[in-house]
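What follows is a single structure, and I will ask about it in a moment.
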2 protein chains.
Amino acid sequence: MAQVTLGNSEFDRDTAVVRRAPGRYDAQLSAGWTIIRAVNGGYLLALMGRALGDALPHPDPFSVTAHYLTASVPGPATLRTEVVRTGRTMSTGTATLVQTAPDGTEVERMRVLASYGDLAALRDDVRTSAKPPELPPYEHCLGTDTAPDGGSAIPGSTAIADRLDIRLDPATSGWAIGAPSGKGEMRGWFGLADGRDPDPLSLLLTVDAMPPTAFDLGLSGWVPTVELTCHIRCRPAPGPLRVAVTTRNLAGGFLEEDAEVWDSADRLVAQSRQLARAPLGG
Amino acid sequence: MAQVTLGNSEFDRDTAVVRRAPGRYDAQLSAGWTIIRAVNGGYLLALMGRALGDALPHPDPFSVTAHYLTASVPGPATLRTEVVRTGRTMSTGTATLVQTAPDGTEVERMRVLASYGDLAALRDDVRTSAKPPELPPYEHCLGTDTAPDGGSAIPGSTAIADRLDIRLDPATSGWAIGAPSGKGEMRGWFGLADGRDPDPLSLLLTVDAMPPTAFDLGLSGWVPTVELTCHIRCRPAPGPLRVAVTTRNLAGGFLEEDAEVWDSADRLVAQSRQLARAPLGG
């Protein structure tokens, strides 16, 4: 039995996993990262990512895919990992998260397939045509404790909101006062509320922590993730992150959300895409 | 033992899998879908997708992720599938593809995690802001049997080229005559050479069948896929497909390739992203 993480932030404490045996970990899903009653998918992804980082010989998530099977609830959970392949520069593994239902049966919550490597070992070439999102300064953006145009604060504030420091671009927060842009975009500043700096694990949270782009399309309600894949491309520099999430294709009752995360050094540090069920509300 | 597919096209014959037992399939990786010596990753994905479509209760791939572990070679292969969860509208499974090395050991080639559903059962709402790529007419685009500006045909023609009918937008084929655009884009018309119409399985091939965007960035050489995720969003209408592939972030020795596939009815039928190792050549 070994405590895998020694970080002292809320994020590190709440994503801690305890190795009980090779490939088997215990965790406590914290009620502090819930939206209404559901545990946030990005928080769960970071927790799974931490277990895989312990199980695999390489430290950093390069590409992580999660399929969300059933809704996780706060409380105890068991993680099982399997090493698929160990290579020189990368290794691949799977992970599953299960919880025990009230009737004593084991229910799988999510399944993960991931390849890990060492971000510090990568070549330092950067040839990117992507540009960081143009955001107003942090203090001109809107958080859950500020009020756009004198109206109410960003709605949907639940436990997770206390742990995140998200400031939305006013151009993508009109939905909060009944005036969505209709473009399907969500942009803003992102940080952890207790000031913990970003790292590859916390980026797995960041890519699934913004309000749903569906809100900016004028839809309301639940947007459950079916599948999310995240590429971590660079170890983030300390300081605030900028996140831009875009939906291009709302069709057939599903939508994709593409997220890009930029660090304070203007590096594109994470790219993710998720497939989610579109809310029925209009 | 049951032949899972009865299609009579090259694609259907070459992606056929034979069920030997529940969750176990035999396949022959065809030399007809190779690039130089390597079996194309999209062809392999379609083959895995066919086995999962047999193993799972739902017919169509909604989200499929593959991690490519070692290079597959033409010849016999074994696929094993596992049903992770069966839901009412979707089901989730994993698949692995193994081959026997000359020394008799079993080598895993790729691991897949996927969720399946029924595309025919989806709501018919379409609210997409994405636009099909603007392509010159098919006859003004360049194939492996045509020659840009009187020069040689598109290079890299190998076995797979005989089975595909790809016509590249001249704007993204300058690399073939030593004048890459530098933008990291690849656009063109896509079909199967024998005229077989597209379906969800063949879309899994389509998203990984264009020349690498790295060529348009002025790089040459091998671009091995680490991971590829494909969302099938709609059953494609008969007729030619339009494919647009874009790279925004070439950094640290890796790049992403985002592919969008549009059908003849102007529907966005597939979205994919892959993480690949960037070629070292300049």
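Model, not experiment: these values are computed from the prediction. Lettering follows sequence order; numbering is per chain, from 1.
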Review point. Chain B: which of Asp258(A), Asp124(A), Asp125(A) shares the most heavy-atom pairs with it under 4.5 Å?
Key: Asp125(A)

Practice item. Please determine, among Cys234(A), Ser63(A), Gly252(A), Ala130(A), the option with the most heavy-atom pairs under 4.5 Å with chain B. Key: Gly252(A)

**Study point:** Residues of residues 270-277 of chain B with any heavy atom under 4.5 Å of a heavy atom in chain A
**Key:** Gln271(B), Ser272(B), Arg273(B), Gln274(B), Leu275(B), Arg277(B)

**Study point:** Heavy-atom contact with chain B under 4.5 Å, split by part of Ser115(A)
**Key:** both

Review point. Under a 4.5 Å heavy-atom cutoff, which of Leu268(A), Leu69(A), Thr229(A), Val126(A) has the most pairs with chain B?
Key: Leu69(A)

Exercise for review: Anything in residues 241-250 of chain B with a heavy-atom distance to chain A below 4.5 Å? Please list those residues in order.
Suggested key: Thr247(B), Arg248(B), Asn249(B), Leu250(B)

Practice item. Can you measure from CG (Leu219(B)) to CZ (Arg127(A)) and round to the nearest 0.5 angstrom? Key: 5.0 Å

Point to revise | Contacting moiety of Ala114(A), where chain B heavy atoms sit under 4.5 Å | key: backbone

Revision key, fill the gap. So, the part of Leu119(A) with a heavy atom under 4.5 Å from chain B: the answer is neither

Review point. Counting heavy-atom pairs under 4.5 Å to chain A, which of Glu227(B), Lys183(B), Lys131(B) comes out on top?
Key: Glu227(B)

Revision key, fill the gap. What one should report as the nearest heavy-atom pair of Ala251(B) and Arg267(A) is CB-NH2, 4.2 Å

Practice item. Determine which residues belonging to residues 104-113 of chain A lie within contact range of chain B, meaning some heavy atom pair is under 4.5 Å apart, and list them by number or answer 'none'. Key: Glu108(A), Arg111(A), Val112(A), Leu113(A)

Point to revise | Residues of residues 82-97 of chain B near chain A, each having a heavy atom less than 4.5 Å away | key: Glu82(B), Val84(B), Arg85(B), Thr89(B), Met90(B), Thr92(B), Thr94(B)

Point to revise | Contact check, side chains of Phe62(B) and Val226(A), non-hydrogen atoms, under 4.5 Å | key: no

